[in-house]
K.L.:
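A single structure is presented below for examination.
For the single chain, residues carry numbers from 1 onward in sequence order.
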Amino acid sequence: MRITVWNENGHERFEEEIRALYPEGMHGCIANFYREAGHEVTTATLDMPEIGLPDELLDQTDVLVWWSHGMINEVPDEKVKKICDRVINDGMGLIVLHSGHASKIFRKLMGARSGHLKWRVAYPPEIDDKEIVWVVDQSHPIAQGIDEKFILEREEMYGEPTLIPAPDELVFLSWFSGGEVFRSGCTYKRGRGKIFYFRPGHESCPTFYDKNVQRVLLNAAEWAYTPPAKPYKYGWSAPVVE
Ligand code: ZN
């Protein structure tokens with residue numbers, strides 16, 4: 001499977017503490033565990049030419065993993081359109097991480113006007129919330145290998161309600177130590193493409209080193225993969241029954 005891990009790479013470039021936590025960037029950390037699992041992985045960041053995603057790379061991507069936060073306007077609308085087209089018409093898998101729910105790409109695919117939600121993040125990090133990620137669909141392929149729950153000792157809080165459409169399948173539900181809850185693992189189908197939104201992954205937390213998080217993202221890539229379409233004849237068609 002050809003996986004492209006695409007990251008804004010803004011926090012890692014501009015903030016020393018984030019660089020210290022993810023010296024290879026979050027994309028580097030994520031790419032490492034996909035590579036170890038045997039996938040062909042390319043990393044891409046917004047500071048690269050063509051924001052890291054020339055059309056040739058997109059055309060050769062089976063599953064795109066997208067970490068996005070505050071730099072959403074750096075992704076031109078033509079690229080958003082191309083990515084959505086790859087998902088809907090070609091079946092490219094899409095894994096949207098953390099604040100990516102507010103990205104132009106996710107909102108276009110969901111028909112959502114905004115990415116509004118409740119949030120709380122703490123500096124210094126010692127007073128961050130604890131997050132318990134509960135598995136609510138134990139039979140789902142993305143939850144395989146995960147116990148009934150896993151705990152992230154420090155994460156940003158995201159709270160409901162959030163303006164996303166009801167997922168096709170809810171795989172995870174998060175509880176935060178401040179009392180809020182959030183739909184943390186949501187699947188959607190758009191045309192031929194499968195989309196997975198996964199909430200954890202705030203840049204100042206070591207979330208992508210967590211083995212359960214890595215298991216979820218490995219499972220999600222397998223789940224989101226759609227084999228290439230067989231050639232199909234459209235248009236006028238003779239009756240198939242005499
Ligand atoms: Zn965050």
K.L.:
Could you check whether any side-chain N or O of Lys104 sits under 3.5 Å from a backbone N or O of Val75, counting only pairs where one atom can act as donor and the other as acceptor?
P.N.:
yes
K.L.:
So Phe198 and Val171, side chain to side chain contact (heavy atoms under 4.5 Å, CB included) or not? Walk me through it.
P.N.:
CA-CA 10 Å; Phe198 189 56; Val171 187; over 6 Å; no
K.L.:
Could you tell me if the side chain of Cys186 sits less than 4.5 Å from the side chain of Leu170, heavy atoms only?
P.N.:
yes
K.L.:
Pick out which of Arg2, Arg86, Lys194 makes a salt bridge (charged side-chain N to carboxylate O under 4.0 Å, His left out) with Asp62.
P.N.:
Arg2
K.L.:
Between Ser103 and Ser68, do the side chains contain a donor N or O and an acceptor N or O under 3.5 Å apart?
P.N.:
no
K.L.:
More than 12 non-hydrogen atoms from neighbouring residues, nucleotides or ligands closer than 6.0 Å to NZ on Lys230, yes or no?
P.N.:
no
K.L.:
Does the side chain of Leu53 reach to within under 4.5 Å of the side chain of Ile83, using non-hydrogen atoms?
P.N.:
yes
K.L.:
Please give me the minimum heavy-atom distance between Ile3 and Ala221, naming the atom from each residue.
P.N.:
CD1-CB, 4.0 Å
K.L.:
Do NZ/NE/NH1/NH2 and the carboxylate oxygens of Lys79 and Asp55 come within less than 4.0 Å?
P.N.:
yes
K.L.:
Can you see which heavy atom on Ala44 is nearest to which on Leu57, and at what distance?
P.N.:
CB-CD2, 4.5 Å
K.L.:
Using a 3.5 Å distance criterion without hydrogens, assess whether the side chain of Asn32 forms a donor-acceptor pair with backbone atoms of Gly28.
P.N.:
yes
K.L.:
Looking only at atom types and distance, does a side-chain atom of Asn219 sit under 3.5 Å from a main-chain N or O of Ile142, one as donor and one as acceptor?
P.N.:
yes
K.L.:
What distance do Glu156 atom CD and Phe176 atom CZ have between them, rounded to the nearest 0.5 Å?
P.N.:
8.5 Å
K.L.:
I'd like to know if the side chain of Lys130 and the backbone of Leu152 have a donor-acceptor N/O pair within less than 3.5 Å.
P.N.:
no
K.L.:
Determine whether the aromatic ring centres of residues His11 and Trp67 are separated by less than 6.0 angstrom.
P.N.:
yes
K.L.:
Mind listing the closest non-hydrogen atom pair of Gly201 and Thr207 along with its distance?
P.N.:
N-CG2, 3.7 Å
K.L.:
Is there a chain of hydrophobic side chains (I, L, V, M, F, W, Y, each step under 4.5 Å between heavy atoms) that links Met157 to Val181?
P.N.:
no
K.L.:
About how many Å separate CH2 of Trp175 and CD1 of Ile132, when rounded to the nearest 0.5 Å?
P.N.:
5.0 Å
K.L.:
Is any side-chain heavy atom of Ile105 less than 4.5 Å from a side-chain heavy atom of Trp6?
P.N.:
yes
K.L.:
Going from CZ on Phe33 to NZ on Lys211, what distance comes out if it is rounded to the nearest 0.5 angstrom?
P.N.:
9.0 Å
K.L.:
Count the heavy atoms of every other residue, nucleotide or ligand shown that sit under 6.0 Å from CD of Gln138, and state whether that count exceeds 12.
P.N.:
no
K.L.:
Working to the nearest 0.5 angstrom, can you tell me the gap between Leu46 CG and Ile51 CD1?
P.N.:
6.0 Å
K.L.:
Can Asp168 and Thr187 be counted as having a side-chain donor-acceptor contact under 3.5 angstrom?
P.N.:
no
K.L.:
Looking at Thr226 and Gly91, what are the two nearest heavy atoms and their distance?
P.N.:
CB-O, 3.4 Å
K.L.:
Checking the side chain of Asp90 only, and the main-chain atoms of Met92 only, is there a donor and an acceptor separated by less than 3.5 Å?
P.N.:
no
K.L.:
Judged by modelled atom types alone, do Glu8 and Thr45 share a side-chain donor-acceptor pair under 3.5 Å?
P.N.:
no
K.L.:
Quick one: does any side-chain atom of Glu160 pair with a main-chain N or O of Arg183 as donor and acceptor, under 3.5 Å?
P.N.:
yes
K.L.:
Kindly compute the distance separating CD (Glu203) from CZ (Arg19), expressed to the nearest 0.5 Å.
P.N.:
13.5 Å
K.L.:
Does the pair Glu222 and His39 meet the rule for a side chain to side chain contact (heavy atoms under 4.5 Å, CB included), with working shown?
P.N.:
CA-CA 10 Å; Glu222 302 281 352; His39 298 297; 3.5 Å; yes
K.L.:
So, the side chain of Arg107 versus the backbone of Ser114: is there a donor-acceptor pair under 3.5 Å, distance only?
P.N.:
no
K.L.:
Check for a donor-acceptor pair, side chain of Glu12 on one end and backbone N or O of Pro23 on the other, with a separation under 3.5 Å.
P.N.:
no
K.L.:
Could you walk me through whether Tyr188 and Leu94 pass the side chain to side chain contact (heavy atoms under 4.5 Å, CB included) check?
P.N.:
CA-CA 10 Å; Tyr188 299 92; Leu94 178 66; over 6 Å; no
K.L.:
Is Val96 linked to Tyr34 within one hydrophobic cluster, defined over Ile, Leu, Val, Met, Phe, Trp and Tyr using a side-chain heavy-atom separation of less than 4.5 Å?
P.N.:
no
K.L.:
Compute the ring centroids of Tyr22 and Tyr209, then answer whether they are less than 6.0 Å apart.
P.N.:
yes
K.L.:
Say whether Thr61 and Asp59, considering side chains only, have a donor N or O and an acceptor N or O under 3.5 Å apart.
P.N.:
no
K.L.:
Identify the two heavy atoms, one from Asp147 and one from Val135, that lie closest to each other, and give their separation to 0.1 Å.
P.N.:
O-CG2, 3.2 Å
K.L.:
Taking side chain as C-beta onward, heavy atoms only, is Val87 less than 4.5 Å from Ile195?
P.N.:
yes
K.L.:
Any link between Met110 and Val65 through a network of hydrophobic side chains (Ile, Leu, Val, Met, Phe, Trp, Tyr) touching at under 4.5 Å?
P.N.:
no
K.L.:
Applying the 4.5 Å side-chain criterion to the ILVMFWY set and letting contacts propagate, would Met1 and Val5 be lumped into a single cluster?
P.N.:
yes
K.L.:
Considering only NZ, NE, NH1 and NH2 on the basic side and carboxylate oxygens on the acidic side, decide whether Arg120 and Glu180 come within less than 4.0 Å.
P.N.:
yes
K.L.:
Taking the side chain as every heavy atom from C-beta outward, state whether Lys82 and Leu58 have any atom pair closer than 4.5 Å.
P.N.:
yes
K.L.:
Using side-chain heavy atoms (C-beta onward) and a distance below 4.5 Å, is Glu153 in contact with Ile151?
P.N.:
yes
K.L.:
Go through the steps for Arg13 and Asp47 under the test side chain to side chain contact (heavy atoms under 4.5 Å, CB included), then give the verdict.
P.N.:
CA-CA 10 Å; Arg13 269 187 294 152; Asp47 50 316; 3.4 Å; yes
K.L.:
Within the distance-only criterion (no hydrogens, no angle test), does the side chain of Ser177 pair as donor or acceptor with the backbone N or O of Asp129 below 3.5 angstrom?
P.N.:
no
K.L.:
Assigning hydrophobic clusters by single linkage (Ile, Leu, Val, Met, Phe, Trp, Tyr; side-chain heavy-atom cutoff under 4.5 Å), is Tyr225 placed with Trp223?
P.N.:
yes
K.L.:
Flag the pair Gln214 / Leu217 as yes when at least one side-chain heavy-atom distance between them is below 4.5 Å, and no otherwise.
P.N.:
no
K.L.:
Drop me the distance from Asn212's CG to Phe172's CZ, to the nearest 0.5 angstrom.
P.N.:
9.0 Å
K.L.:
Does Thr162 reach the side chain of Phe182, with side-chain heavy atoms less than 4.5 Å apart?
P.N.:
yes
K.L.:
Backbone N or O of Gly100 within a donor-acceptor pair of the Tyr197 side chain at under 3.5 Å?
P.N.:
no
K.L.:
How close do Phe208 and Cys29 get, counting heavy atoms only, and between which atoms?
P.N.:
O-SG, 3.5 Å
K.L.:
If you apply the rule salt bridge (Lys or Arg N to Asp or Glu O under 4.0 Å), what do you find for Glu155 with Arg199, and how did you get there?
P.N.:
CA-CA 10 Å; Glu155 251 298 348; Arg199 191 221 77 85; 3.3 Å; yes
